[in-house]
Protein chains: 2
Amino acid sequence: MDNIKDLNTDENPDKSTEKLILKAAKDVFHRKGLAGARMQEIADEAGLNKAMLHYYFRTKDKLFEAIFSEECCGFFDKLADLINVDLPLLEKIEHFVENYTELLLKNSYIPAFIISEMHHNPEKIKHMFIDRIFSVKYKFLGDITTAVSLGLIKPVDPRQLIVNIIALCIFPIAARPMLTLMLEFNDKEYLDFIETRKKEVAKFIINSIKIN
Amino acid sequence: MDNIKDLNTDENPDKSTEKLILKAAKDVFHRKGLAGARMQEIADEAGLNKAMLHYYFRTKDKLFEAIFSEECCGFFDKLADLINVDLPLLEKIEHFVENYTELLLKNSYIPAFIISEMHHNPEKIKHMFIDRIFSVKYKFLGDITTAVSLGLIKPVDPRQLIVNIIALCIFPIAARPMLTLMLEFNDKEYLDFIETRKKEVAKFIINSIKIN
DNA sequence: TTTTGTATTAACCAAACGGTTAATGTGTAT
DNA sequence: ATACACATTAACCGTTTGGTTAATACAAAA
């Protein structure tokens, strides 16, 4: 019998070498960070010769950059979409918490990664989102300021409210290992806990700022 | 006979070599993380020969362990004190938010450090707080459960409320570089912003859970 | 003074690291 | 069949890394 496992046509599609590298590198950078990641480990995880990493991406820094500038752009683009949705503030907060939490779940390594690398190598990752972040901020600030001046919510410092909202969404994802330890979660329990938060966090926020 | 081996004769108080190493290592580990820190950089920052680090602490891992097991113990001990204070829940939350924020400000590197290292080297740091964290959790859970059953606050999942409270306190400290970038803070503006949160976060939480 | 235990240093080492190279395989158009 | 461009590999290279060592400085005890 011929072994046809290397036939890269249909059911075993040949993920291109470049894609294999990107996937392996993403996982290793996520687990170990930029400083802790090893080119050999990435090569092993991709099942490739280490020289291939340099053939496709020249240096470790450029590989790192290639992965995370793309990841960050995609992430912040979707964040911008969530902020720009056309809804009254309270419904927008409900919509935001639910969909931002889902976005974070699908990119669960990004929050801890950004927190970590912004401390260790801020110059290397700032530029990946510095442009996109301001439009998100100004839209959100404007929405809240308007809602306050229209008397739709209690008077609050819009910056404080923004930080509260993103803190409640991001922290449980970024601190997953800590929460899992403290609350003795298994994977399913943790995911259920986060799933519940999609509705509960919005209620928690709205309860606090709505006018009785 | 008194041990006077550390007699400091000159006007320049001789911080013992061990203390010099610990201080320099703490700063470097904080800036670079475990994987990114270099023994030579620690030695340079302490103004000592690199061999001294090994003479006092044998290995990089043991130096890392010596610093952060002590730091974490101190930090979680103070956290336990905050939880064990004898106050009704709502006042306890006010007291907690104010003093926990202050504790975090004084140990501002710890949150991002724990988030980062729990992702990269969980086994290496779990044991530093795994014992202390459960008593804190159970006391807090009990307080909230009692307050709910007494009808002092709205019925909430105590675990969700705990996560909300610590998220609102920890995130702005852990994500300082990101907040500083997004809200265009200088150091003073950032610290003022956090200072304001000592009162505002407690109000935000209590507004949400109090019975109208 | 001599001895003795500790602190400190420069020089050194093997392993691990990121990165390069030269040779070889492979598919394709001529 | 040949030629050419791209893909892949093992072996290699110079540097950096954590860690060791052997020699020495130094202060207290004998």
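Values reported hereafter were calculated over all heavy atoms of this structure, with side chains retained and with hydrogens, waters and symmetry mates removed. Proteins get letters first, then strands, A, B, ... in listed order; numbering begins at 1 in each.
Of all heavy-atom pairs between Arg58(A) and Lys62(A), the closest is CB-CD, 4.3 Å.
Within 4.0 Å (heavy atoms only), Met39(B) reaches sugar-phosphate atoms of the nucleic acid but no base atom. As judged by a 4.0 angstrom heavy-atom cut-off over every strand, Ala35(B) is placed among residues making no nucleic acid contact. Contacts of Tyr56(B) with the nucleic acid, taken as non-hydrogen atoms under 4.0 Å apart, involve only primed sugar atoms and P, OP1 or OP2.
A salt bridge links Lys203(A) with Glu200(A): the distance from a Lys NZ or Arg NE/NH1/NH2 to an Asp or Glu carboxylate oxygen falls below 4.0 Å.
Contact annotation: Arg38(B) side-chain N/O to dG18(D) OP1/OP2 distance is under 4.0 Å.
Closest to the side chain of Thr59(B), from the set dT9(C), dG19(D), dG19(C), is dG19(D). For Thr17(B), the side-chain atoms get nearest to dT8(C) when compared with the rest of dT8(C), dA7(D), dG19(C). Residue Tyr55(A) has its side chain nearest to dT8(D) when only dT8(D), dA10(D), dG18(D) are considered.
As rounded to whole Å, 15 Å separates atom P of dG18(D) from atom CD1 of Ile21(B). Between the CG atom of Asn49(A) and the C1' atom of dA11(D) there is a distance of 10 Å, given to the nearest Å. Distance Lys60(A) NZ to dT20(C) P: 15 Å, rounded to the nearest Å. Separating the CG atom of Leu48(B) from the P atom of dT9(C) is a distance of 7 Å, rounded to the nearest angstrom.
Residue Lys50(B) places a side-chain atom within donor-acceptor reach of the base of dG19(D), judged by atom type and a 3.5 Å distance cut-off alone.
Taking for each of Gln40(A) and Ala51(A) the nucleotide of DNA chain C with the nearest heavy atom, the 5'-most of the two is the partner of Gln40(A).
In this structure, Phe113(A) has its ring center no closer than 6.0 Å to that of Phe129(A).
Judged by distance alone, with hydrogens and angles left aside, the side-chain atoms of Glu189(A) form a donor-acceptor pair with the main-chain N or O of Asn186(A) at under 3.5 Å.
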